[in-house]
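In what follows, a structure is listed as C-alpha cells, so that the remarks can point back to it.
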Amino acid sequence: MSELTLTVMRLGFLAVLWLFVIVAVQVIRSDLFGTRVTARGSRRGGDGRPAQRADRQATPPPQRRQEGGRRAGGRDAGRGRRGAPTKLVISEGSLTGTTVALQGQTITLGRAHDSTIVLDDDYASSRHARIYPDRDGRWIVEDLSSTNGTYLDRTRLTTPTPIPLGAPIRIGKTVIELRK
C-alpha cells in the first residue's frame with residue numbers, strides 16, 4: 001500500500017472515532033439535561049403573521065351562524081354554553097402555567113415535537129394522549145396506547161372518557177385541567 005492510501009485510511013478512522021465520541025457526549029448530555037423543548041411562537045402562519053403560542057390564550061375567530069342556530073361548519077352552537085370549559089391549563093409539571101385556548105380542535109400530548117403540547121417528561125410516550133370535542137360539546141380524553149397510561153382523577157383510562165370541569169388529567173409528572 002502506498003503512503004497516501006495509508007494516511008487517508010488513518011484520517012478516515014480518526015474521523016469515525018471523533019464522530020463516535022461526539023454522539024456519545026450528546027447522548028450523555030440529553031440524559032443529564034433532558035430534551036430541548038422549543039418555543040412554537042417563532043413559526044409563522046400562512047398569512048405571514050406569527051403563529052399563536054400555546055401558552056397564550058387566543059380568541060377564536062367569529063363564526064357565521066346558519067339556520068337552526070348551528071355554526072358554519074356543522075358544529076353545534078351549544079359549545080359556547082355556560083359552564084363549558086374554555087381553556088386547558090397545566091397545573092403541575094415542567095410546563096406549569098401553560099394555557100391553551102379550547103377552540104374545537106384536537107389537542108395532542110406527548111414527547112413528539114409535532115404534538116400540540118410537547119411534554120418533557122420521562123414517563124410520557126411520544127404520542128401519549130389526545131383531547132378532542134365530541135358532537136355534544138363535551139371534551140373527551142383518550143389514551144393513545146401509552147406505556148405508563150393516562151389518568152383521569154386517579155382512574156387509569158382504557159376508553160375515551162368525557163372530562164369533567166376541573167378534573168385532573170395526569171400524564172407522568174404533568175397534570176392538566178379543563179377550566180372556564
Side-chain angles (χ1 to χ4, degrees), residues 1-58 87-103 105-132 139-161 163 167-179:
M1 266 201 250
S2 70
E3 187 68 30
L4 178 64
T5 307
L6 206 55
T7 304
V8 169
M9 287 178 58
R10 286 178 184 161
L11 289 176
F13 179 72
L14 188 63
V16 169
L17 185 63
W18 273 107
L19 184 66
F20 174 76
V21 169
I22 290 170
V23 169
V25 168
Q26 286 178 340
V27 168
I28 292 170
R29 183 180 169 275
S30 69
D31 283 347
L32 290 175
F33 301 112
T35 57
R36 187 176 199 193
V37 178
T38 57
R40 293 178 170 250
S42 62
R43 285 195 232 155
R44 298 203 172 261
D47 57 355
R49 294 184 304 172
Q52 294 174 342
R53 290 185 43 167
D55 60 348
R56 291 190 189 150
Q57 188 170 5
K87 60 187 173 182
L88 185 76
V89 178
I90 300 179
S91 57
E92 290 180 32
S94 62
L95 297 173
T96 300
T98 302
T99 301
V100 177
L102 300 175
Q103 300 175 346
Q105 79 279 13
T106 297
I107 298 169
T108 56
L109 302 122
R111 294 177 80 169
H113 293 292
D114 61 344
S115 297
T116 308
I117 299 175
V118 178
L119 302 175
D120 186 24
D121 190 336
D122 292 336
Y123 299 102
S125 298
S126 59
R127 307 245 184 265
H128 197 98
R130 70 181 179 137
I131 297 172
Y132 59 93
W139 287 88
I140 309 294
V141 61
E142 178 182 10
D143 184 71
L144 300 175
S145 301
S146 63
T147 304
N148 295 315
T150 303
Y151 293 84
L152 176 62
D153 204 16
R154 297 188 195 143
T155 305
R156 187 169 180 156
L157 298 177
T158 55
T159 61
T161 308
I163 309 168
I169 302 165
R170 181 173 292 277
I171 296 173
K173 298 174 185 174
T174 305
V175 177
I176 302 165
E177 298 174 5
L178 290 181
R179 296 185 185 166

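Count residues from 1 along the sequence.
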| query | What is the distance from atom CG of Leu152 to atom CZ of Arg170, rounded to the nearest 0.5 Å? | reply | 12.0 Å

| Partners passing side chain to side chain contact (heavy atoms under 4.5 Å, CB included) against Leu14 (at least two apart in sequence or in another chain) | Trp18

| query | Between CZ of Arg29 and CD1 of Ile22, what distance do you get to the nearest 0.5 Å? | reply | 13.5 Å

| What is the distance from atom OH of Tyr151 to atom CD1 of Ile169, rounded to the nearest 0.5 Å? | 14.5 Å

| Should Leu88 and Ile176 be marked as a side-chain contact (heavy atoms from CB on, under 4.5 Å) after you check the CA-CA gap, both sets of side-chain angles, and the distance that decides it? | CA-CA 7 Å; Leu88 185 76; Ile176 302 165; 3.2 Å; yes

| query | Counting N and O atoms only, with roles assigned by atom type, does the side chain of Thr108 sit under 3.5 Å from a partner on the main chain of Thr116, one being a donor and the other an acceptor? | reply | yes

| query | Which residues satisfy the side chain to side chain donor-acceptor pair (under 3.5 Å) test with Ser146, sequence neighbours excluded? | reply | His128, Asp143

| Spacing of CD belonging to Glu142 relative to CZ belonging to Arg130, to within rounding of 0.5 Å | 4.5 Å

| said: Main chain of Lys173, side chain of Asp121: is a donor-acceptor contact present, judged purely on distance under 3.5 Å? | reply: yes

| message | Would you compute the distance between atom CD1 of Ile117 and atom CG of Leu109 and round it to the nearest 0.5 angstrom? | response | 5.0 Å

| request: Evaluate the criterion side-chain contact (heavy atoms from CB on, under 4.5 Å) for residue pair Leu102 and Ile107; output intermediate values, then yes/no. | output: CA-CA 9 Å; Leu102 300 175; Ile107 298 169; 3.6 Å; yes

| said: On a heavy-atom basis, which atom in Glu177 and which in Ser91 lie closest, and how many Å separate them? | reply: OE2-OG, 3.6 Å

| query | Can you tell me how far CG of Leu144 sits from CZ of Arg127, rounded to the nearest 0.5 angstrom? | reply | 9.0 Å

| Distance-only, no hydrogens or angles: does the Ser115 side chain make a donor-acceptor pair with backbone N or O of Arg111 under 3.5 Å? | no

| Where Ala129 and Thr150 come nearest, the two heavy atoms and their spacing | CB-OG1, 3.8 Å

| Under 3.5 Å, is there a donor-acceptor pair between the side chain of Thr161 and the main chain of Thr159? | yes

| message | Could you report the tightest heavy-atom contact between Tyr123 and Asn148, atom names first, then the distance? | response | O-ND2, 3.1 Å

| Taking all non-hydrogen atoms of both residues, which atom of Ile163 and which atom of Ile140 are closest, and how far apart? | CD1-C, 4.0 Å

| With sequence neighbours excluded, what pairs up with Thr5 under the side chain to side chain donor-acceptor pair (under 3.5 Å) test? | Ser2

